[in-house]
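Chain naming here is simple, since letters A, B, ... match the order of the sequence lines and numbering starts at 1 in each. From a predicted model like this one, the values you see are computed outputs, not experimental measurements.
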Protein chains: 2
Amino acid sequence: MKNSMTCSPFKSTEEKIREAAKRVFLEKGFDGATSRDIADAAGINIALTNYYFRSKEKLFMSIFEEMFQLFFNGIAEIMNKPIGFREKIAELIDHDFELLKKNPSLAIFVMNEIHRNPDRMATSIEVLKKVHHSQFEAQLQQEIERGAVRPITAMHLMPLIFCNIQFLFMGKAMHMKMWQVDEVGFDAFANKHKELVKDLVLTYLYEYEKVT
Amino acid sequence: MKNSMTCSPFKSTEEKIREAAKRVFLEKGFDGATSRDIADAAGINIALTNYYFRSKEKLFMSIFEEMFQLFFNGIAEIMNKPIGFREKIAELIDHDFELLKKNPSLAIFVMNEIHRNPDRMATSIEVLKKVHHSQFEAQLQQEIERGAVRPITAMHLMPLIFCNIQFLFMGKAMHMKMWQVDEVGFDAFANKHKELVKDLVLTYLYEYEKVT
DNA sequence: ATAGATTTTAAACATTTGTTTAAAAAAACT
DNA sequence: AGTTTTTTTAAACAAATGTTTAAAATCTAT
């Protein structure tokens with residue numbers, strides 16, 4: 001139970017397993033990944049996965065919860081930042097984009113595992129509530145009341161902000177096939193699309209027929 | 001090799017297997033579904049799945065291709081309809097919504113299986129090209145040239161149209177948990193959100209500062 | 001250095017997996 | 001009727017799966 005949170009090049013066995021499991025689970029999902037896949041990716045004996053994590057399910061939940069936090073924690077933090085609403089939305093989109101650029105399978109992984117077994121969210125509700133009860137909703141209400149932003153609920157606005165970016169990476173393979181572009185072509189498209197989405201959302205929110 | 005396309009209440013064994021496989025694969029994915037799951041769901045002996053479809057992989061591909069067609073064929077048809085561009089976009093959104101309302105797991109299923117194994121798309125490229133080479137792109141270009149629609153490529157516009165609806169159903173479980181609503185509450189939200197998305201896309205496209 | 005605890009290993013375990021076999025049942029045909 | 005073909009069944013198959021065991025290796029402390 002030592003050396004569990006360092007960044008030294010000498011990783012503990014537990015860390016090696018976690019990192020391998022992260023890679024394998026993200027790529028293949030819970031059902032598609034085997035204990036031996038993970039042991040091989042970590043370069044360790046199979047028995048060690050159960051020695052450190054008791055079972056495949058426990059190891060998976062450990063990874064899933066980390067990914068779920070990664071998915072929502074950054075969002076919750078930005079939502080509570082003391083910055084303007086317009087800038088906040090732009091930053092949320094930029095952040096989501098960078099996060100998924102670094103972890104292209106994150107969105108489809110989280111969505112799929114939740115879809116297959118919604119109970120897996122049970123242990124991670126707090127971070128969802130953190131998003132729900134952030135400054136974001138109150139700030140939106142203020143913007144609406146002063147007539148700057150078109151009337152809309154946070155429940156409707158949040159999906160508009162995130163779905164475009166997440167769909168971009170979930171549908172990456174399909175996009176490349178459909179438009180016959182390679183990795184480089186997709187990256188160029190993705191960057192342009194991100195800016196387009198920012199423009200789309202902000203234009204829709206801020207430029208509307210004010211009825212006073 | 002008879003009775004393969006009737007709607008009679010007496011289904012052939014092959015049909016029973018297909019329908020069961022459709023349900024099980026959509027619910028659990030390829031990796032999560034077992035041959036015995038499908039046989040049980042169909043109420044038939046295990047050996048029959050291989051008697052009619054040779055292997056689990058072949059049975060899966062048969063179902064996957066059908067779902068992939070279902071996913072894109074309706075879209076391609078609407079894109080080639082001789083109607084106005086504005087109405088076309090509205091109809092595309094309505095159609096996607098109704099399709100996913102009937103098959104809530106369709107979007108996550110197709111996206112996930114493609115993500116896990118992009119080669120599965122290989123046999124279904126034609127329908128992708130059908131979408132690509134539809135009337136939609138030319139019509140968009142006309143609208144842009146006459147100054148009615150903001151300059152944008154079809155490659156950027158199509159995701160805007162579909163991602164919102166598809167994300168809605170892919171994230172259904174998460175939405176219900178986050179906003180503490182039940183099935184009924186979600187349906188009400190979904191209906192409102194669909195109209196919002198139509199308004200969002202059409203407003204963005206048609207109401208902009210024309211520079212002549 | 002030695003004893004004790006911890007970590008790692010190879011091997012085995014019982015299930016489950018996709019698939020096949022060979023016989024039985026049903027259907028189709030003469 | 002009887003014969004042949006098609007469909008269905010129960011049983012078995014090898015391979016793969018998650019997990020455990022018991023011994024070996026390594027580390028920790030006296």
Ring centre gap for A/Y204 and B/Y204 strictly below 6.0 Å:
no
Nearest-angstrom distance from the residue atom CD1 of A/I44 to P of D/dT19
14 Å
Ring-face cation of A/K58 near A/F53 (centre distance under 6.0 Å, axis angle within 45°)
no
Measure from the side-chain heavy atoms of B/A47 and tell me the nearest of C/dT20, C/dT17, D/dT17.
C/dT20
Note the angle between the end axes of the helix from C/dA1-D/dT30 to C/dT30-D/dA1, five pairs defining each, rounded to 10 degrees.
10°
With ring pair (Phe, Tyr, Trp, His ring centres under 6.0 Å) as the criterion, how do B/F25 and B/F64 come out once you've worked through the C-alpha distance, each side chain's angles and the decisive distance to 0.1 Å?
CA-CA 9 Å; B/F25 278 138; B/F64 177 77; over 10 Å; no
Hey, is the main chain of A/F136 close enough, under 3.5 Å, to the side chain of A/Q139 for a donor-acceptor pair?
no
With the side chain defined as heavy atoms from C-beta on, A/I46 is closest, among D/dT19, C/dT8, C/dA10, to D/dT19
So does A/T13 get a side-chain nitrogen or oxygen closer than 4.0 Å to the phosphate oxygens (OP1/OP2) of C/dT7?
no
Using modelled atom types and a 3.5 Å cut-off, is there a donor and acceptor pairing between side-chain atoms of A/H132 and backbone atoms of B/M178?
yes
Rounding to an integer number of Å, can you tell me how far B/D40 CG sits from D/dT8 P?
16 Å
Does B/S55 reach a base, just sugar-phosphate, or nothing at all? Heavy atoms under 4.0 Å.
sugar-phosphate
To the nearest Å, how far apart are A/I38 CD1 and D/dG18 P?
8 Å
Integer-rounded Å distance: C/dA11 P and A/N45 CG:
11 Å
Residues A/E183, A/K172: salt bridge by 4.0 Å N-O rule
yes
Select base, sugar-phosphate, or nothing to describe what B/Y52 touches, counting heavy atoms under 4.0 Å on all strands.
sugar-phosphate
Contact class for B/A39 (heavy atom, under 4.0 Å): base, sugar-phosphate, or nothing?
nothing
Among C/dT9, D/dT9, C/dT19, the nucleotide that comes nearest once only the side chain of B/L48 is considered:
D/dT9
Please report, rounded to the nearest Å, how far the P atom of D/dT8 is from the CZ atom of B/F53.
12 Å
Contact class for B/T49 (heavy atom, under 4.0 Å): base, sugar-phosphate, or nothing?
nothing
Can you see if the side chain of A/Y51 gets near the phosphate of C/dT7 - specifically, an N or O under 4.0 Å from OP1 or OP2?
yes
Can you tell me the distance, in whole Å, between the NZ atom of A/K58 and the P atom of D/dT19?
9 Å
I'd like to know whether A/L99 forms a side-chain contact (heavy atoms from CB on, under 4.5 Å) with A/I75, so could you lay out the CA-CA distance, the side-chain angles of the two residues, the decisive distance to 0.1 Å, and finally the verdict.
CA-CA 10 Å; A/L99 177 67; A/I75 289 171; over 6 Å; no
Protein-nucleotide distance (B/R36, atom CZ; D/dT9, atom C1'), rounded to Å
14 Å
Rounding to a whole Å, what distance do you find between A/K56:NZ and D/dG18:P?
4 Å
